[in-house]
There are 2 protein chains.
Amino acid sequence: MNRTWNQYVVKQENKTLVLSTIIDQTPISRASVAQVTGLNKGTVSSLVSELIDEELVEESGPGESNGGRRPVMLLFNGKAGYSLAIDLGVDYLLGAIIDLNGNIIYEEKRQLQSTDFDVVFPFLTRFINHLMEQVPKSRYGIIGIGVGVPAVISHQGEILLAPNLNWKKIKLKEQLEQQFNIPIYIENEANAGAYGEMRYGFEQMPKHMVYASIGIGIGVGMILDGQLYNGLNGFAGEAGHMTVVKDGRTCRCGNLGCWERYASEQALIDEAVDRQLIEHNQVEPFQKLIELANQQNQAVINLFEEIGTYIGIGLTNTINIFNPEHVVIGNQLIDAEQWISPAIGAYINKHAIGFHQNDLKISFAKLQAYSTVRGMAAFTIEGFLLKQRNA
Amino acid sequence: MNRTWNQYVVKQENKTLVLSTIIDQTPISRASVAQVTGLNKGTVSSLVSELIDEELVEESGPGESNGGRRPVMLLFNGKAGYSLAIDLGVDYLLGAIIDLNGNIIYEEKRQLQSTDFDVVFPFLTRFINHLMEQVPKSRYGIIGIGVGVPAVISHQGEILLAPNLNWKKIKLKEQLEQQFNIPIYIENEANAGAYGEMRYGFEQMPKHMVYASIGIGIGVGMILDGQLYNGLNGFAGEAGHMTVVKDGRTCRCGNLGCWERYASEQALIDEAVDRQLIEHNQVEPFQKLIELANQQNQAVINLFEEIGTYIGIGLTNTINIFNPEHVVIGNQLIDAEQWISPAIGAYINKHAIGFHQNDLKISFAKLQAYSTVRGMAAFTIEGFLLKQRNA
DNA sequence: TTAACTTTGTCTATATAATAAACAAAGTTA
DNA sequence: TAACTTTGTTTATTATATAGACAAAGTTAA
């Protein structure tokens with residue numbers, strides 16, 4: 001059955017429009033909302049009064065007069081509820097409590113000793129319980145739990161494959177829903193990072209953005225026409241497994257010459273070991289390499305440049321395919337920005353189709369290590385506001 | 001200014017919903033439309049009577065009774081207007097008159113002797129004038145002219161670059177608008193082909209489809225979430241210029257190892273000449289190669305297989321990135337289907353990520369040489385119905 | 001200081017369109 | 001032939017947006 005349009009839908013849509021105008025342009029007066037949205041002043045008044053009843057909007061003091069009666073300024077109430085977001089990494093959990101404005105109000109990081117799911121899951125639920133105790137009292141309480149995982153995830157929130165965690169077919173969403181009576185969101189870490197960067201990383205939300213999460217592996221989150229693109233089954237973005245070297249290195253995925261075999265943190269480390277720049281059993285090899293580069297070790301600097309060039313190759317491909325406005329590089333490799341950035345820029349500049357470079361901006365994640373948690377929070381917040389609207 | 005929602009918008013949306021239901025499921029009764037859409041019977045009656053006034057819908061005779069009063073069947077009137085669509089190739093013009101149902105009712109093909117724009121443009125306008133004389137009389141007449149061009153085209157309908165035609169910065173849309181007082185649509189040939197295949201090539205319209213137009217060059221049209229994806233400036237889909245061989249063959253575009261340097265018709269011909277399978281100055285070299293393959297020339301058959309493998313590499317990349325439901329191969333190379341198809345299938349099967357293959361279907365263009373014209377017609381028809389709706 | 005003007009926000013009358021329900025028309029079934 | 005079904009129209013009702021009036025609270029210029 002298709003969606004029909006009637007007066008209820010009209011009201012919902014307009015209410016959403018008013019609320020998002022207030023969120024984006026807070027503080028703002030009723031009159032300005034009416035002008036910006038094109039809605040009638042009376043309509044705005046009535047919708048705002050409902051939003052105030054729902055405690056999603058607050059009146060602050062009077063604003064500056066524009067030559068007449070002083071306006072009553074409206075604020076979005078970011079403290080009406082809180083999101084609980086987790087970045088589940090290969091060897092850590094980063095948890096955060098995030099308000100409706102997307103600001104982190106509490107964070108905590110824990111190391112994981114094992115990737116065994118039977119170890120990780122109880123650890124995770126205990127961590128969530130601990131975080132819940134830190135959440136301030138509020139009208140709507142904890143509006144959702146979001147977990148970002150470096151994995152292929154179905155629309156149903158099932159982890160189909162997480163190669164670096166060695167997980168397969170794990171119904172994480174279902175299992176968490178059984179433990180907590182709160183909406184659960186599970187997403188791919190790169191998708192979450194892309195979403196976080198889009199929502200909170202820019203003055204003006206970009207419409208077309210490619211976010212390359214370069215860590216142990218490479219995942220790509222795509223914002224197309226302002227929306228996260230998921231593909232048919234939710235598996236889109238496995239650009240780490242596009243072939244950039246025909247008959248190249250074999251990859252876990254079964255393909256040859258995959259991008260992530262040349263441009264990821266793992267590729268960097270493998271190559272460094274191969275070239276005897278670090279020991280095979282080096283602890284924190286990535287940090288060590290950055291240290292060496294900082295000490296002007298030329299061989300290491302050259303290696304970073306090579307990795308940068310390979311990153312450039314893959315990014316050039318995505319640029320030619322998508323014609324994005326922004327390309328954002330995130331995850332672990334942002335710590336090597338100064339060593340890889342020039343090579344990336346040079347390669348793209350020389351090889352991407354000229355037109356695509358016109359309005360293109362390339363940057364490193366502005367939210368740094370928080371792209372994923374803030375993205376997961378954005379998903380839960382959006383879900384909450386949507387449910388609120390339809391209530 | 002944002003779009004506000006009021007009763008007028010509701011009516012427009014519902015009218016569109018009713019019309020598209022009738023288009024999709026013609027013939028259908030008012031009662032069925034109400035059931036399918038979820039709208040009230042009275043609402044449907046009133047909207048249908050307006051559509052009948054606009055001659056977009058017709059009543060046909062009574063249908064079969066379902067145990068009660070016999071329904072009056074409604075038909076979409078595909079003859080209320082006609083689209084004029086042109087496929088502008090490197091050495092030909094394919095023109096078609098297409099009704100609102102997307103059916104070709106007249107077609108004509110002309111060879112081009114030169115790619116010089118000053119020669120082609122007058123030729124094109126005369127051709128259009130000639131086609132216009134063949135259009136039957138109807139309520140809305142010629143509702144639009146659509147031209148598909150193998151080129152990078154801006155949102156404003158300017159041809160920025162057509163390498164194979166050697167055109168640059170040509171405001172084709174503007175120039176045609178000056179000649180004809182009819183809505184003009186200019187689109188990239190691969191995008192048009194993708195749209196045509198989506199609209200008319202399947203029983204059920206696919207939501208996620210990648211259409212690879214493999215001719216002299218390679219262009220990719222992407223249907224994402226049921227919509228054609230254009231990118232920031234309308235340049236998306238230049239997947240032909242993704243690197244598949246690091247430090248490989250140089251390409252016109254400035255990049256190295258581009259896909260289309262290994263998997264296009266041009267690549268096939270260049271390689272065939274190199275291997276002395278055909279003469280350097282062979283006329284219609286592609287047809288000649290197919291002939292040779294049909295004669296069981298093993299060297300030529302091997303070459304086709306190699307090309308097929310390279311096509312498979314690029315398609316695997318797009319599959320891993322997009323997780324599409326359908327991959328459709330179109331343009332010239334469909335004539336070599338039997339020689340390249342097994343190699344393409346084998347490569348994808350072996351190298352694409354397993355999950356992505358679950359619901360994936362790979363096929364050759366069902367509209368054959370008409371993907372582009374029918375896609376361009378679909379653009380004009382959609383534009384017409386949209387304008388009609390807002391009138 | 002004051003009158004005229006502006007801006008803000010609320011309230012009221014009005015218009016529009018969807019819905020539910022009643023109803024008529026035209027068929028089928030037992 | 002009577003009872004039931006399905007189709008399509010009509011009518012009363014309801015929800016919501018809009019225009020415009022109006023009051024409140026400010027600024028500006030004489």
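These numbers were taken from a predicted model, which means no experiment stands behind them. Order of the sequence lines sets the chain letters (A, B, ...), proteins ahead of strands, with each chain counted from 1.
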Contacts of B:Phe180 meeting ring pair (Phe, Tyr, Trp, His ring centres under 6.0 Å) (sequence neighbours excluded), chain-then-number -> none
Restricting to side-chain contact (heavy atoms from CB on, under 4.5 Å), what partner residues turn up for A:Lys15, sequence neighbours left out?
A:Leu47, A:Glu50, A:Leu51, A:Glu54
Check nucleotides 21-23 of chain D against the protein and report each pair of N or O atoms closer than 3.5 Å, with its distance, or say if there are none.
none

How long is the straight-line distance from CG of B:Leu56 back to CD of B:Glu58, given to the nearest 0.5 Å?
10.0 Å
Heavy-atom side-chain proximity of B:Leu224 to A:Leu224 below 4.5 angstrom:
yes
Do A:Lys79 and A:Ser138 come within less than 4.5 Å of each other through their side chains, counting heavy atoms only?
no
For A:Lys11 and D:dT18, give me the distance from atom NZ to atom P, rounded to whole Å.
14 Å
How many whole angstroms separate atom NZ of B:Lys15 from atom C1' of C:dA17?
13 Å
Tabulated below should be each protein N or O lying under 3.5 Å from an N or O of nucleotides 28-30 of chain C; please produce it.
none

Please pick, from D:dG8, D:dT18, C:dG9, the nucleotide with the shortest atom-to-atom distance to any side-chain atom of A:Pro71.
C:dG9
Which heavy atom of A:Met376 sits nearest a heavy atom of A:Ala85, and at what distance?
CB-CB, 4.1 Å
End-to-end bend of the helix from C:dT1-D:dA30 to C:dA30-D:dT1 (five-pair axes, 10° rounding)?
0°
DNA chain C contacts made by residues 26-34 of chain A, counting heavy atoms under 4.0 Å
A:Ser29, A:Arg30, A:Ala31
Distance check, rounded to the nearest 0.5 Å: A:Met198 atom CE versus A:Lys207 atom NZ?
9.5 Å
Whole angstroms only, please: what is the CE-C1' distance between A:Met73 and C:dG9?
14 Å
Has the side chain of B:Arg70 got a donor or acceptor atom that lies under 3.5 Å from a matching backbone atom of B:Ser65?
no
Going by heavy atoms in the side chains, are A:Asn230 and A:Asn191 under 4.5 Å from each other?
yes
Side-chain contact check for B:Ser45: nearest option of C:dT19, D:dT9, C:dA17 is D:dT9
Neighbour count above 12 (heavy atom, 6.0 Å) for A:Lys366 NZ:
yes
Could you check A:Ile98, A:Asp99, A:Leu367 and say which one makes a side chain to side chain contact (heavy atoms under 4.5 Å, CB included) with A:Ile104?
A:Ile98
Sequence-distant partners of B:Tyr229, ring pair (Phe, Tyr, Trp, His ring centres under 6.0 Å), two or more places apart:
A:His208
Categorize B:Val44 for me: base, sugar-phosphate, or nothing, with a 4.0 angstrom heavy-atom threshold over every strand shown.
nothing
For B:Tyr8, check ring pair (Phe, Tyr, Trp, His ring centres under 6.0 Å) against everything at least two apart and list the hits.
none
Quick one about B:Glu382 and B:Tyr195 (side-chain donor to acceptor, distance below 3.5 Å, no hydrogens or angles considered), yes or no?
yes
Report the residues that fulfil ring pair (Phe, Tyr, Trp, His ring centres under 6.0 Å) with B:Phe322, sequence neighbours left out, ordered by chain and then residue number.
A:Phe322
Residues from residues 50-64 of chain B sitting under 4.0 Å of DNA chain D, heavy atoms only?
none
Might you point out which heavy atoms bring A:Arg374 and A:Asn103 nearest each other, and give the distance in Å?
NH2-OD1, 4.1 Å
Please determine whether the number of non-hydrogen atoms from other residues, nucleotides or ligands lying under 6.0 Å from atom CG of A:Asp53 exceeds 12.
yes
Listing time: all N or O pairs from protein to nucleotides 11-14 of chain D that are below 3.5 Å?
none

Any pair with a residue in residues 24-41 of chain A that passes salt bridge (charged side-chain N to carboxylate O under 4.0 Å, His left out), sequence neighbours left out, goes on the list, sorted by first then second residue, please.
A:Arg30-A:Glu59
If you take atom types as modelled and just measure distance, does the side chain of A:Asn40 reach the base of D:dA17 with a donor-acceptor pair under 3.5 Å?
no
